[in-house]
Participant: 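One structure coming up, written as structure tokens, with questions to follow.
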Amino acid sequence: MSVLVTGGAGYIGSHVVRLLTERGDRVVVADDLSNGRVARVGDAPVVQVDLATDGARDALRAAFAEHDVDAVVHFAARKQVGESVQQPARYWSQNVGGTANLLQAMEDAGVGRLVFSSSAATYGAPDTPVVREDGPCEPINPYGQTKLVGEWMTRAAGVAWGLRAANLRYFNVAGAGWPDLGDTAVLNLVPIVFRALDEGRRPVVFGGDYPTPDGSAVRDYVHVADLASAHLAALDGLDADERAHDVFNVGTGTGSSVLQVLDAVREVTGLPVDPDVRERRAGDPPSLVADVSRIREDLGWTASRGLADIVSSAWEAWQVGRAR
Ligand code: WQD
């Protein structure tokens, strides 16, 4: 198979590029390199393009033709919740506009298969212990809104011209499948804690009074290598004759609290980790955990790595990143 991966030079995208390459697929990356790094993609050719710009459709059509592309995995997007609240227009323009250009180019070129990076942020702040794909989606920030709209766009393209798409709703992604592919942005809990330790600060815990077993917020942490393998399962499942679903949660089905993550960090690093429990962070749901039965039943995929693997692989990659 020949696969074009948008955002393939980024943290999650580069894991998928490597897995595809390892199994013998041909890969071409389309990335604006705003966060991505060419060093992450090995020998895969890179087309430098911002999908939201006018020239993007031409650049994509040329790449589809040159590389005889059969399918697309679409990661390229802005992904910071807080930034999306501050700059909503930018999120609509980049995430929705970029996806619109991509879908138009795919239609023009007859590339009919897509795996789209959606997010658990589409659920908003649910009041159920686990969330199912057929439950309500009420995103509470522009980031989550643009991801939900992206799902609608892929579905509309299915109706209009027969696109076969899988929308993957990621939960809290962390860890590293290879030490050189760690998350270099310090935006999520695990890297934020590592940086605090590096700088001799106590890690901050946002909220100790949630209605959870230890009072800190609960999330479903999924290893990036497991998440990457879910993309291959989704890609391979696109051709199934009678697909019942086009949206899948990608998590483990198990929640971990912030304090449990800090325990895992203490265990892995051997460093003293002294939580500094503060006020809740605005907009945080108390608990967000995936129901993973659909992806298991439809695609035969389950996560195989737990919190200890996530934290230890992230820590190993953090050392590599620090040495650079
Ligand atoms: C995890 C938990 C924090 C920092 C976001 C997006 C989601 C997905 C993943 C992309 C929360 C707590 C954090 C700190 C803390 N992104 N925390 N101290 O907010 O669950 O999810 O990223 O698709 O869509 O919404 O992730 O890593 O920011 O936080 O206590 O210094 O850790 O309050 O409970 P979040 P996160």
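Numbers for residues simply follow the sequence, beginning at 1. Read the numbers this way: they start at 1 and go in the same order the structure lists the ligands and their atoms. Note that these values count all heavy atoms, side chains included, but never hydrogens, waters or copies made by symmetry.
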Participant: Would you say the rings of F75 and H15 are close, in the sense that their centroids are separated by under 6.0 Å?
Facilitator: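 Aromatic pair excluded; centres sit 6.0 Å or further apart.
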Participant: Could you list which atoms of ligand 1 come closer than 4.0 Å to a heavy atom of A121?
Facilitator: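 By the 4.0 Å cutoff, the relevant atoms are 24 (O).
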Participant: Ligand 1 versus D284, non-hydrogen atoms closer than 4.0 Å: side chain, backbone, both, neither?
Facilitator: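 Looking at D284 and ligand 1, just side chain atoms fall under 4.0 Å.
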Participant: Checking a contact table here: which protein heavy atom is nearest atom 14 (C) of ligand 1, and how many Å away?
Facilitator: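 Result for atom 14 (C) of ligand 1: F206 CE1, 3.4 Å.
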Participant: For a salt bridge (charged side-chain N to carboxylate O under 4.0 Å, His left out) with D236, tell me which candidate from R23, R164, R113 qualifies.
Facilitator: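 Filter result, single survivor: R23.
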Participant: What protein heavy atom is closest to atom 2 (C) of ligand 1, reported as residue, atom name and distance in Å?
Facilitator: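 Sorting protein heavy atoms by distance from atom 2 (C) of ligand 1 puts Y221 OH, 3.7 Å first.
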Participant: Out of R281, R278, R219, who is nearest to atom 29 (O) of ligand 1 when you count heavy atoms only?
Facilitator: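 Checking each option, the heavy atom nearest atom 29 (O) of ligand 1 is found in R281.
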Participant: Just going by heavy-atom distances, which of L189, D276, L288 is nearest to atom 13 (C) of ligand 1?
Facilitator: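 Answer by nearest heavy atom: L189.
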Participant: Below 4.0 angstrom from a heavy atom of A217, which ligand 1 atoms are there? Numbered from 1 as shown, please.
Facilitator: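 Per the distance check, 34 (O).
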Participant: CD of E297: more than 12 outside heavy atoms within 6.0 angstrom?
Facilitator: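 Counting other residues, nucleotides and ligands, CD of E297 exceeds 12 neighbours.
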Participant: I need the atoms of ligand 1 closer than 4.0 Å to a non-hydrogen atom of V205, numbered in the order shown.
Facilitator: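 Under 4.0 Å from V205, ligand 1 has these atoms: 30 (O).
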Participant: Would you call R18 and D180 a salt bridge, taking side-chain N to carboxylate O under 4.0 Å as the test?
Facilitator: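 D180 and R18: salt-bridged.
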Participant: Could you tell me if T154 and N167 have a donor-acceptor pair between their side chains, going purely by distance under 3.5 Å?
Facilitator: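 Yes, side-chain donor-acceptor contact under 3.5 Å.
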Participant: Considering both backbone and side-chain atoms of V258, is one of its nitrogen or oxygen atoms within less than 3.5 Å of a nitrogen or oxygen in ligand 1?
Facilitator: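 No, there is no polar N/O contact under 3.5 Å.
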Participant: Looking only at the side chains, is there a donor atom on one of S304 and D226 sitting less than 3.5 Å from an acceptor on the other?
Facilitator: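 Indeed, the side chains of S304 and D226 share at least one donor-acceptor pair under 3.5 Å.
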Participant: May I ask you to identify the nearest protein heavy atom to atom 31 (O) of ligand 1, giving residue, atom name and distance to one decimal place in Å?
Facilitator: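 For atom 31 (O) of ligand 1, the nearest protein heavy atom comes out as I192 CG2, 3.4 Å.
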Participant: Could you see which bit of Y210 sits under 4.0 Å from ligand 1, with heavy atoms only: side chain, backbone, both or neither?
Facilitator: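 No part of Y210 is near ligand 1 at this cut-off.
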Participant: Indicate whether the side chain of S313 and that of H223 have a donor and an acceptor atom separated by less than 3.5 Å.
Facilitator: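 Short answer, yes.
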Participant: Under 4.0 Å from any heavy atom of V204, which atoms of ligand 1 are there?
Facilitator: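 Contacts of ligand 1 toward V204, numbered from 1: 14 (C), 15 (C), 18 (N), 30 (O), 31 (O).
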Participant: Which protein non-hydrogen atom lies closest to atom 5 (C) of ligand 1, naming both residue and atom, and how far is it?
Facilitator: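 The answer is N188 ND2, 4.1 Å.
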Participant: Please work out, at 4.0 Å between heavy atoms, whether the side chain, the backbone, both, or neither of Y170 comes within that distance of ligand 1.
Facilitator: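 Neither; no heavy atom under 4.0 Å.
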Participant: Is it the case that R278 places NZ or CZ above or below the six-membered ring of F206, under 6.0 angstrom from the centre and within 45 degrees of the axis?
Facilitator: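 No cation-pi geometry.
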Participant: Give me the residue, atom name and distance of the protein heavy atom closest to atom 10 (C) of ligand 1.
Facilitator: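 Of every protein heavy atom, Y143 OH, 3.3 Å lies nearest to atom 10 (C) of ligand 1.
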Participant: What protein heavy atom lies closest to atom 35 (P) of ligand 1? Include the residue and the distance to one decimal.
Facilitator: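 Of the protein heavy atoms, N172 ND2, 3.5 Å lies nearest.
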Participant: Can R155 and D246 be counted as an ion pair, charged N to O under 4.0 angstrom?
Facilitator: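 A salt bridge is present here (some side-chain N lies under 4.0 Å from a carboxylate O).
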Participant: Taking both backbone and side-chain atoms of V81, is any N or O found less than 3.5 Å from an N or O belonging to ligand 1?
Facilitator: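 Not met; the criterion fails.
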Participant: Is it true that R169 and Y123 share a donor-acceptor pair across their side chains at a distance under 3.5 Å?
Facilitator: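 The criterion, which ignores hydrogens and geometry beyond distance, is satisfied for R169 and Y123.
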Participant: Is the number of heavy atoms from other residues, nucleotides or ligands under 6.0 Å of D239 CG greater than 12?
Facilitator: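 Yes - once you tally the heavy atoms of other residues, nucleotides and ligands closer than 6.0 Å, there are more than 12.
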Participant: Identify, for atom 24 (O) of ligand 1, the protein heavy atom at the shortest distance, and state residue, atom and that distance.
Facilitator: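 Closest protein heavy atom to atom 24 (O) of ligand 1: S119 OG, 3.1 Å.
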